[in-house]
K.L.:
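Next up is a structure, given as structure tokens.
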Amino acid sequence: MDIKASLAGEIAKAVGLDGAEVLDMLETPPDPKMGDAALPCFKLAKTMKMAPPKIAEEIMGKLQKPEYIAEIRVAGGYLNFFYDKTFYVKTVMGEVLAAGTDWGKAKIGAGKTIVIDYSSINIAKPFHIGHLSSTAIGSALYKIYSYLGYDVVGVNHLGDWGTQFGKLITAYKHWGSDDEINKNSVSAMLELYVRLHKEAEQDESLNDEGRAWFKKIEDGDEEALRIFEWFKELTLNEAKRVYDRLDVQFDSYAGESFYNDKVGAVVDELKEKNLLEESDGAYVVRLDEHKLPPAIILKSDGATLYATRDLAAAKYRHQTYDFDKNLYVVAYQQNLHFKQVFAVLEKMGYGWADKCEHVAFGMVSLEDGTLSTREGKVVFLEDVLNAAVEKTLAIINEKSPELENRAAIAEDIGVGAVIYSTLSQSRIKDITFSFDRVLNFDGETGPYLQYCHARCNSVVERAGERNAKMDYSVLENDEAMAVIKLLESFPQVLVSATEKNEPFYVTRHITDLAQACNKYYFEHKIIDDNEEQTNTRVALTKAVRDVLKRGLSLLGIKAPDKM
RNA sequence: GCGCCUGUAGCUCAGUCGGAUAGAGCAACGGCCUUCUAAGCCGUGUGUCCGGGGUUCGAAUCCCUGCAGGCGCGCCA
């Protein structure tokens with residue numbers, strides 16, 4: 001049952017207000033000593049023409065105390081409610097235990113489709129730390145939406161189109177070696193790419209050559225396509241390794257090249273709808289009424305642009321998936337771009353334009369400045385993962401040398417630490433990447449949560465098979481109550497995370513849960529010789545373990561049973 | 001110049017609907033392993049919530065304005 005909602009209903013009945021309105025007013029006091037729920041009465045002062053403390057008293061007098069409320073107190077303008085601990089603990093624990101590992105699972109998304117565009121790496125370019133945010137945020141949203149019953153379509157909108165591929169082929173033709181490329185794949189391509197930019201500063205003809213090779217790709221030239229597909233395959237193979245480690249999946253790899261034969265229709269449609277306007281030789285859609293600069297649809301040489309392809313992609317996604325939300329997990333650099341694309345869709349008369357949303361996140365930079373592929377100034381994500389796993393393995397060898405499957409556990413913890421670091425703050429914040437920070441495993445970190453999970457698991461295993469006889473009174477203490485409240489609100493946190501597209505809400509919540517659990521663990525012995533009380537404390541431990549594991553898995557982080 | 005975002009403890013960040021005494025982690029120092037995993041727990045203290053106005057019973061939160069930083073502003077993606 002939803003105690004808060006029920007309480008709101010009772011209050012509403014007593015005062016003659018709307019239940020939903022009261023629920024909206026109800027809040028949680030800053031300190032549990034002040035109560036479990038509070039009604040601030042200040043807003044009622046105007047309509048009731050009384051001082052807030054008087055109102056609080058008035059309501060207290062009229063209210064028939066429900067069974068789940070132990071005490072009601074007036075504190076200034078607040079009316080504070082104390083739950084009946086016995087009732088509360090029994091009710092919440094009953095629900096959580098019944099749900100088991102599926103606590104928080106819901107069907108609210110049934111029949112609704114969410115398209116999420118995330119990661120979207122570029123072919124022939126390194127999979128670097130700059131891609132981690134989009135990949136981790138998008139993947140976490142994918143998992144959370146799915147858990148709430150939505151049909152989710154994960155799209156890796158590959159950057160596989162543009163003159164840079166012509167340039168790359170040029171560089172390959174001049175200086176490339178097949179062996180080198182097969183061996184080092186993206187690193188070798190990056191080297192060629194960097195070299196071309198350098199040499200083109202002296203020799204402008206290299207750029208012309210690049211454009212010519214790209215034209216060949218466009219025209220379907222056999223050799224150009226063969227080389228391009230080869231590069232693409234090597235890049236995706238390399239990316240696949242990282243995706244597997246991060247537990248990231250996609251349902252579609254339809255990238256820019258996929259929409260190449262679909263942009264023409266969009267241009268025609270814009271013309272038919274009289275939205276296209278010639279401007280300095282280019283064709284644009286004016287967006288004055290949206291207070292936005294015009295969106296360029298066609299270059300003066302007739303070629304299409306990024307925005308044109310995104311329009312085609314949005315249309316395609318709508319036709320193919322009939323989405324309820326179409327999310328783009330892309331850095332905030334592209335704020336204006338997406339505003340323009342969505343505005344053009346609206347002008348085209350598509351009512352679903354408002355279902356498109358840019359899920360923006362902050363920039364990643366290095367301590368000594370911006371990442372730059374062109375200058376070769378990048379940190380490969382794989383290197384970060386490897387460093388984290390290596391450090392983890394060293395810690396395990398020191399702390400738990402007898403542990404089995406050390407390599408596999410180190411992998412889960414190291415990778416988890418990296419994912420956690422990027423999902424541990426609101427997505428809009430910029431991140432200055434630092435190995436020191438990512439490789440810190442103390443305090444609020446992935447390993448902290450995994451450790452708490454493993455410790456809970458260890459206790460549950462040690463306790464062995466238990467029967468169902470419970471004595472819930474053993475959980476009526478501050479530490480257990482704090483844990484139970486966090487367990488209770490886990491489902492609502494998942495919903496909030498989807499409403500705001502903020503996986504970080506989940507990260508924070510399960511971090512709080514681990515903290516509360518650690519406090520409980522320190523204060524209370526779980527296994528003792530009182531059978532029913534032990535059953536109950538073990539059940540709480542199990543519930544925490546399962547929710548931690550579920551929460552971590554929704555973020556893409558594994559939870560080893562031992563560490 | 002214009003637009004968007006950010007500004008909270010030495011550092012990195014929470015603070016979801018305007019609510020009670022603004023909180024965590026890191027770093028520093030001190031304590032806690034004979035007892036369920038010490039990657040843990042407890043303790044010590046620091047705030048011009050960027051500045052200035054305003055709205056409100058009440059503002060870190062809303063509005064206006066100034067400052068600082070980031071990003072973006074037609075043929076790159």
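In what follows, chains carry the letters A, B, and so on, assigned in the order in which the sequence lines appear, proteins first and then strands, with residues in each chain numbered from 1.
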K.L.:
Hey, is the main chain of Leu393(A) close enough, under 3.5 Å, to the side chain of Asn397(A) for a donor-acceptor pair?
P.N.:
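Indeed, once roles are kept as given, a pair shorter than 3.5 Å links the two residues.
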K.L.:
Salt bridge or not for Arg406(A) and Glu398(A), using N-O below 4.0 Å?
P.N.:
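No, this pair does not count.
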K.L.:
Which of these nucleotides, C4(B), A14(B), A39(B), is closest to any side-chain atom of Ile396(A)?
P.N.:
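Nucleotide nearest to Ile396(A)'s side chain: A39(B).
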K.L.:
Separation of Leu540(A) atom CG from C36(B) atom C1', in whole Å?
P.N.:
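Distance, rounded to whole Å: 14 Å.
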K.L.:
Among U37(B), A20(B), A39(B), which nucleotide sits nearest the side chain of Thr392(A)?
P.N.:
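Closest nucleotide to the Thr392(A) side chain: A39(B).
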K.L.:
Sticking with atom C1', work out how far G15(B) lies from U61(B), rounded to a whole angstrom.
P.N.:
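One C1' to the other, the span is 9 Å.
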K.L.:
Roughly how far apart, to the nearest Å, are G23(B) and G43(B) at atom P?
P.N.:
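G23(B) and G43(B) have their P atoms separated by 14 Å.
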K.L.:
Pull up the glycosidic torsion of C33(B) and say syn or anti, syn being anything within 90° of 0.
P.N.:
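That one's syn.
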K.L.:
Who does C62(B) pair with, Watson-Crick or G-U, both distances under 3.5 Å?
P.N.:
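Partner of C62(B): G54(B).
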K.L.:
For the side chain of Arg462(A), counting heavy atoms from C-beta on, which of U6(B), U37(B), A39(B) is nearest?
P.N.:
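Nucleotide nearest to Arg462(A)'s side chain: U37(B).
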K.L.:
Can you give one letter per nucleotide of nucleotides 70-77 of chain B, going 5' to 3': B for a protein heavy atom under 4.0 Å from the base, S for sugar-phosphate only, - for none?
P.N.:
SSSSBBSB
K.L.:
Would you tell me if any nitrogen or oxygen in the side chain of Tyr78(A) comes within less than 4.0 Å of OP1 or OP2 on C57(B)?
P.N.:
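Indeed not, no polar side-chain atom of Tyr78(A) lies that close.
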K.L.:
Quick one, which residues of residues 43-52 of chain A touch RNA chain B with a heavy atom under 4.0 Å?
P.N.:
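Listed by number, they are Lys43(A).
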K.L.:
Using 30° and 60° as the class limits, which term best fits the ring planes of His524(A) and Tyr520(A): parallel, tilted or perpendicular?
P.N.:
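Judged by the thresholds at 30° and 60°, the geometry between His524(A) and Tyr520(A) is parallel.
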K.L.:
Under 3.5 Å for both donor-acceptor distances, Watson-Crick or wobble: does G3(B) have a partner, and if so which one?
P.N.:
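Check on G3(B): paired to C71(B), both distances under 3.5 Å.
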K.L.:
Between atom CG in Asp442(A) and atom C1' in C41(B), what is the gap in whole Å?
P.N.:
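About 13 Å, once rounded to whole Å.
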K.L.:
Applying ring-ring contact (aromatic ring centres under 6.0 Å, His included), name anything that partners Phe441(A), two or more places apart in sequence or on another chain.
P.N.:
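With sequence neighbours excluded, Phe441(A) shows a ring-ring contact (aromatic ring centres under 6.0 Å, His included) to no residue whatsoever.
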K.L.:
Does C17(B) sit syn or anti, given that only angles within 90° of 0 count as syn?
P.N.:
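You should classify C17(B) as syn.
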K.L.:
Between His337(A) and Asp310(A), is any side-chain donor less than 3.5 angstrom from a side-chain acceptor?
P.N.:
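A pair is found: one side chain offers a donor N or O, the other an acceptor, under 3.5 Å apart.
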K.L.:
Give me the ring orientation class for Trp161(A) and Phe228(A): parallel if the planes are under 30° apart, tilted from 30 to 60°, perpendicular past 60°.
P.N.:
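If you compare the ring of Trp161(A) with that of Phe228(A), the planes turn out perpendicular.
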K.L.:
Going by 5.5 Å between centroids and 30° between planes, is there a stack of Phe42(A) over G19(B)?
P.N.:
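So yes, this residue stacks on that base, both cut-offs being met.
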K.L.:
Could you tell me whether Lys291(A) contacts a base, only the sugar-phosphate backbone, or nothing, with contacts defined as non-hydrogen atoms closer than 4.0 Å?
P.N.:
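Touches nothing.
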K.L.:
Tell me: OH of Tyr420(A) to C1' of C13(B), nearest whole Å?
P.N.:
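From Tyr420(A) OH to C13(B) C1': 11 Å.
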K.L.:
Quick check: on RNA chain B, is the nucleotide nearest Val493(A) upstream (toward 5') of the one nearest Glu27(A), or the reverse? Name the residue that is more 5'.
P.N.:
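Nearer the 5' end of the strand: Val493(A).
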K.L.:
Taking pairing as Watson-Crick or G-U wobble with both contacts under 3.5 Å, can you name the mate of C76(B), or confirm there isn't one?
P.N.:
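Paired with C76(B), as far as the under-3.5 Å criterion goes, is no nucleotide at all.
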K.L.:
Roughly how many Å apart are A59(B) and C64(B), using the C1' atom of each and rounding to a whole number?
P.N.:
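Roughly 15 Å separates the two C1' atoms.
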K.L.:
Ring centres under 6.0 Å, that's the criterion: do Tyr193(A) and His197(A) meet it?
P.N.:
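Between Tyr193(A) and His197(A), the centre distance is under 6.0 Å.
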K.L.:
Using the C1' atom as the point on both nucleotides, what is the distance between A39(B) and G25(B), in whole Å?
P.N.:
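Straight-line distance between the two C1' atoms is 14 Å.
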K.L.:
How long is the line joining NZ of Lys429(A) and C1' of A14(B), in whole Å?
P.N.:
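After rounding, the gap between these two atoms is 9 Å.
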K.L.:
Within this structure, what is the OH-to-P distance between Tyr448(A) and A24(B), rounded to whole angstrom?
P.N.:
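Taking OH of Tyr448(A) and P of A24(B), I get 12 Å after rounding.
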K.L.:
Between Lys347(A) (side chain only) and Arg286(A) (backbone N and O only), is there a donor and an acceptor less than 3.5 Å apart?
P.N.:
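Looks like yes, one N/O pair under 3.5 Å.
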K.L.:
Touch check for Asn80(A), heavy atoms < 4.0 angstrom, all strands: base, sugar-phosphate only, or nothing?
P.N.:
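Asn80(A): base contact, heavy atoms under 4.0 Å.
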K.L.:
Return the residues of residues 511-523 of chain A meeting this criterion: a heavy atom under 4.0 Å from some atom of RNA chain B. Order them by number, or give none.
P.N.:
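Within this stretch, Gln515(A), Asn518(A), Lys519(A), Tyr521(A), Phe522(A) sit under 4.0 Å of the strand.
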K.L.:
Is the distance from OP1 or OP2 of A39(B) to the nearest side-chain N or O of Lys399(A) less than 4.0 Å?
P.N.:
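For A39(B), OP1 or OP2 has a side-chain N or O of Lys399(A) closer than 4.0 Å.
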K.L.:
Using a 4.0 Å heavy-atom cut-off across all strands, classify Ala38(A) as base, sugar-phosphate, or nothing.
P.N.:
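It contacts base atoms.
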K.L.:
Using purine N1 to pyrimidine N3 plus N6-O4 or O6-N4 for Watson-Crick, or N1-O2 and O6-N3 for G-U wobble, both under 3.5 Å, which nucleotide pairs with C32(B)?
P.N.:
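With both distances under 3.5 Å, C32(B) matches G40(B).
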K.L.:
Mind calculating the distance between CD (Gln425(A)) and P (U8(B)) to the nearest angstrom?
P.N.:
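Atom CD in Gln425(A) sits about 13 Å away from atom P in U8(B).
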K.L.:
Less than 4.5 Å apart, any side-chain heavy atom of Lys262(A) and any of Val266(A)?
P.N.:
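A side-chain contact is absent here, since even the closest heavy-atom pair is not under 4.5 Å.
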K.L.:
With sequence neighbours excluded, what pairs up with Tyr451(A) under the side chain to side chain contact (heavy atoms under 4.5 Å, CB included) test?
P.N.:
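Residues passing side chain to side chain contact (heavy atoms under 4.5 Å, CB included) with Tyr451(A): Arg455(A), Met563(A).
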K.L.:
Which part of the nucleic acid does Phe504(A) contact within heavy-atom distance under 4.0 Å: base, sugar-phosphate only, or nothing?
P.N.:
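Sugar-phosphate only.
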K.L.:
Applying a 3.5 Å limit to both distances, which nucleotide forms a Watson-Crick or G-U wobble pair with C26(B)?
P.N.:
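When the pairing criteria are applied, G10(B) turns out to be the nucleotide that pairs with C26(B).
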K.L.:
So, does Arg455(A) get its side chain near the phosphate of A38(B), meaning an N or O under 4.0 Å from OP1 or OP2?
P.N.:
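Answer is yes, contact under 4.0 Å.
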K.L.:
Quickly work out the Lys33(A) NZ to U21(B) P distance and round it to whole Å.
P.N.:
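Nearest whole value for this atom pair: 16 Å.
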K.L.:
Does any pair with a residue in residues 425-453 of chain A pass salt bridge (Lys or Arg N to Asp or Glu O under 4.0 Å), and if so which ones, sequence neighbours excluded?
P.N.:
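Those involving residues 425-453 of chain A do not exist here.
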K.L.:
Give none if C17(B) has no partner; otherwise give the nucleotide forming a Watson-Crick or G-U wobble pair with it, both distances under 3.5 Å.
P.N.:
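Across any shown strand, C17(B) pairs with none.
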K.L.:
For C62(B) versus U46(B), give the span between their C1' atoms, rounded off to a whole number of Å.
P.N.:
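Rounded to whole Å, the distance is 29 Å.
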K.L.:
Quick one: label Asn335(A) by what it contacts on the DNA or RNA (base, sugar-phosphate, nothing), any heavy atom closer than 4.0 Å.
P.N.:
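Sugar-phosphate contact only - Asn335(A) comes under 4.0 Å of backbone atoms but never of a base.
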K.L.:
With rounding to the closest Å, how many angstrom separate the P atoms on C41(B) and U12(B)?
P.N.:
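The answer is 23 Å between these two P atoms.
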K.L.:
What's His524(A) touching, base or sugar-phosphate or nothing? Going by heavy atoms closer than 4.0 Å.
P.N.:
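If one applies the 4.0 Å heavy-atom cut-off, His524(A) turns out to touch a base.
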K.L.:
Give a yes or no on whether the backbone of Leu44(A) and the side-chain of Thr47(A) come within a donor-acceptor separation of less than 3.5 Å.
P.N.:
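Side chain of Thr47(A) to backbone of Leu44(A): a pair is present.
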K.L.:
Contact class for Met34(A) (heavy atom, under 4.0 Å): base, sugar-phosphate, or nothing?
P.N.:
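Answer is base: heavy atoms of Met34(A) come under 4.0 Å of a base.
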K.L.:
Looking at Asp36(A) and Lys4(A), is there a salt bridge between them, counting it only when a charged N and a carboxylate O are closer than 4.0 Å?
P.N.:
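A salt bridge is absent here (no side-chain N lies under 4.0 Å from a carboxylate O).
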K.L.:
In whole Å, what separates the P atom of G53(B) from that of A60(B)?
P.N.:
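Nearest-Å result for G53(B) against A60(B) at atom P: 14 Å.
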K.L.:
Using the C1' atom as the point on both nucleotides, what is the distance between G66(B) and G7(B), in whole Å?
P.N.:
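After rounding to an integer number of Å, I get 14 Å for this pair.
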K.L.:
Should Glu404(A) and Lys562(A) count as an ion pair when the cut-off is N to O under 4.0 Å?
P.N.:
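Salt bridge between Glu404(A) and Lys562(A), a charged N being under 4.0 Å from a carboxylate O: no.
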K.L.:
In terms of ring plane angle, is the pair His358(A) and Phe338(A) parallel, tilted or perpendicular, where the classes change at 30° and 60°?
P.N.:
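His358(A) and Phe338(A): tilted rings.
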K.L.:
What is the nucleic acid contact for Asp436(A), judged by heavy atoms within less than 4.0 Å: base, sugar-phosphate only, or nothing?
P.N.:
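Result for Asp436(A) = nothing.
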